[in-house]
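A quick write-up on the structure given underneath.
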Amino acid sequence: MTVRCRGIRGATTCEANTREAILEATRELLEMIIEANRMQPEDIASAIFSTTPDLDAEYPAVAARALGWINTALLCGHEMKVPGGLPHCIRVLIHWNTTRSAEEVVHIYIRGATNLRPDRTAALAAFRAINGEG
């Protein structure tokens, strides 16, 4: 089997610009991505996190480190400030070494970020149904 580097996208929102809110929202998002794709930390090459400019109380990458991503290259930055853009949003792009095809990768958009990629809502619904989350 050939191993390729695949990109996994995800996004979420958090309720406040606090360290706790940012870490909790990021952790929830990452745990769902990990579970949906059955990922192992050693297969993650890197991850790029971004937040909207209204979130600056903590780096989202701190949540990844707490999940064991110790030897993974992580980077945080701010999204562009676009008029009408979704506030309090955390996004991630994970580079993952896997034998899976691009079609098999599950991208996760949760909380207030579900409207960013309505085409991905079906994948999340299927993931939740498989895991008995209704």
Side-chain angles (χ1 to χ4, degrees):
M1 294 192 138
T2 302
V3 174
R4 300 195 188 283
C5 187
R6 301 286 181 204
I8 301 177
R9 286 297 318 268
T12 189
T13 54
C14 64
E15 296 181 16
N17 183 29
T18 65
R19 180 179 196 278
E20 295 76 19
I22 292 168
L23 294 178
E24 190 274 327
T26 305
R27 182 175 42 255
E28 177 188 34
L29 175 63
L30 293 177
E31 286 174 346
M32 290 183 75
I33 291 171
I34 291 165
E35 187 175 346
N37 291 285
R38 297 183 304 279
M39 299 170 69
Q40 300 300 318
E42 62 269 12
D43 296 331
I44 301 168
S46 64
I48 301 169
F49 295 89
S50 67
T51 63
T52 48
D54 54 3
L55 295 177
D56 61 5
E58 183 58 276
Y59 296 105
V62 171
R65 292 281 186 238
L67 290 174
W69 298 17
I70 305 304
N71 296 313
T72 304
L74 304 175
L75 178 67
C76 295
H78 279 305
E79 287 284 329
M80 295 171 31
K81 186 175 181 180
V82 176
L86 180 64
H88 287 94
C89 187
I90 302 166
R91 293 175 172 87
V92 66
L93 169 60
I94 301 170
H95 300 105
W96 178 41
N97 297 310
T98 182
T99 57
R100 296 215 195 134
S101 69
E103 294 78 23
E104 294 175 290
V105 173
V106 179
H107 306 272
I108 302 289
Y109 292 80
I110 57 173
R111 298 187 184 191
T114 57
N115 291 335
L116 292 176
R117 292 296 305 263
D119 57 320
R120 300 294 186 191
T121 304
L124 178 59
F127 167 73
R128 286 185 167 158
I130 289 169
N131 288 294
E133 297 176 23

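The cluster map of Ile, Leu, Val, Met, Phe, Trp and Tyr, joined by side-chain heavy atoms under 4.5 Å apart, puts Val62 and Trp69 in different clusters. Side-chain heavy atoms closer than 4.5 Å link hydrophobic residues (I, L, V, M, F, W, Y) into clusters, and following such links, even through other members, never connects Ile48 to Ile90. Both Val106 and Leu30 are assigned to one and the same hydrophobic cluster, defined by single-linkage of ILVMFWY side chains at heavy-atom distances under 4.5 Å.
Listed here is the closest heavy atom pair of Pro60 and Thr51: CG-CG2, 3.5 Å.
How far CD of Gln40 is from CZ of Arg38: 10.5 Å, rounded to the nearest 0.5 Å. The NZ atom of Lys81 lies 8.5 Å from the CG atom of Asp54; values are rounded to the nearest 0.5 Å. In this structure, CZ in Arg91 is found 8.0 Å from OH in Tyr109, a value given to the nearest 0.5 Å. Summarising the geometry, atom CZ belonging to Phe49 is positioned 6.5 Å from atom OG1 belonging to Thr26; distances are rounded to the nearest 0.5 Å. Here the straight-line distance linking atom CG of Leu55 with atom OG1 of Thr18 works out to 9.0 Å at 0.5 Å rounding. Here CD1 of Ile44 is found 11.0 Å from SG of Cys5. Values are rounded to the nearest 0.5 Å.
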For residues 7-15, please give each side-chain donor-acceptor pair under 3.5 Å, one per line with the distance, not counting sequence neighbours.
residue	atom	partner	partner atom	Å
Arg9	NE	Val92	O	3.1
Thr13	OG1	Gly112	N	3.0

N/O donor to acceptor pairs below 3.5 angstrom from side-chain atoms of residues 70-77, sequence neighbours left out:
none

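In this structure, Thr52 contributes its side chain and His88 its backbone to a donor-acceptor pair below 3.5 Å. Not one N or O on the side chain of Asp43 forms a donor-acceptor pair closer than 3.5 Å with the backbone of Trp96.
Looking only at side-chain heavy atoms (C-beta outward), Arg6 and Arg100 stay at 4.5 Å or farther from each other. Side-chain contact between Ile110 and Leu29 is present, with heavy atoms from C-beta onward closer than 4.5 Å. When side chains are defined from C-beta on, Leu67 counts as touching Ile34, because their heavy atoms get closer than 4.5 Å. Two residues are said to be in side-chain contact when any heavy atoms from C-beta on lie closer than 4.5 Å; Val105 and His107 meet this criterion.
For Ala57, the side-chain contact (heavy atoms from CB on, under 4.5 Å) partners at least two apart in sequence or on another chain are Asn17, Ile22.
Under the 4.0 Å criterion applied to side-chain N and carboxylate O atoms, Arg65 and Glu58 are not assigned as salt-bridge partners.
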Worked verdict on Glu24 versus Arg111 for salt bridge (Lys or Arg N to Asp or Glu O under 4.0 Å): CA-CA 12 Å; Glu24 190 274 327; Arg111 298 187 184 191; 2.6 Å; yes

